[in-house]
Amino acid sequence: MKSVRVALLIGFSLAPCAAEAQSFSCRYASRSDEVVICQNAGLAALDERMAATYERLRSRLSGGARQGLISDQSAWLRSRYRCGSDAGCIEDSYRQRIDELRSNY
């Protein structure tokens, strides 16, 4: 019985936490949009998808194109902040940004 409890504890400690699924640390989430993302597995997955798409593009671009992408990403992030704790708004924001990244770059 003790070995089963130890195995369960090890399994749970190795399982990924929702807090580790985002492109930012939920430990330091202070904005209402970040808190909602940390609490919602679907939003966390969208955050990861957007971040991976953005990083792939950023690594391929240089010069003005890269700076444009970085500026656009900063503007997008400010717009996501304005969603506050509205999960639907945050989801729409991520879906639109992913589509923009895929089609414009």
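FYI, side chains are in, hydrogens and waters are out, and symmetry mates aren't considered; it's all heavy atoms of this structure. The model shown is predicted, which means the values in this text are computed figures rather than measured ones. Residue indices begin at 1 and follow the sequence shown.
Hydrophobic cluster membership differs between L77 and V35, with clusters built from Ile, Leu, Val, Met, Phe, Trp and Tyr side chains linked at under 4.5 angstrom.
Side-chain atoms of R97 and Q73 include a donor-acceptor pair closer than 3.5 Å.
The disulfide bond (SG atoms under 2.5 Å apart) pairs that include a residue from residues 47-87 are C83-C89, where partners are two or more places apart or lie in different chains. Within the structure, side-chain hydrogen bond (donor to acceptor under 3.5 Å, both in side chains) contacts touching residues 30-39 (residues at least two apart or in different chains) are D33-R80.
Atom CE of M50 sits about 9.0 Å away from atom CD of E55, to the nearest 0.5 Å. For the atom pair CZ of R49 and CD1 of I98, the computed distance is 4.5 Å after rounding to the nearest 0.5 Å.
Using a 4.5 Å cut-off on side-chain heavy atoms (C-beta onward), N40 and I90 make no contact.
For the pair E91 (side chain) and L43 (backbone), a donor-acceptor distance under 3.5 Å is absent.
For A87 against V36, the heavy-atom pair with the smallest separation is CB-CG1, 4.0 Å.
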| message | Quick one, L69 with L101, criterion side chain to side chain contact (heavy atoms under 4.5 Å, CB included). Give me CA distance, side-chain angles, the key distance, then yes/no. | response | CA-CA 9 Å; L69 174 67; L101 291 171; 3.6 Å; yes

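Checked against the 6.0 Å centroid criterion, the rings of Y54 and W76 do not qualify as a close aromatic pair.
R60 meets the side-chain contact (heavy atoms from CB on, under 4.5 Å) test with L57; sequence neighbours excluded.
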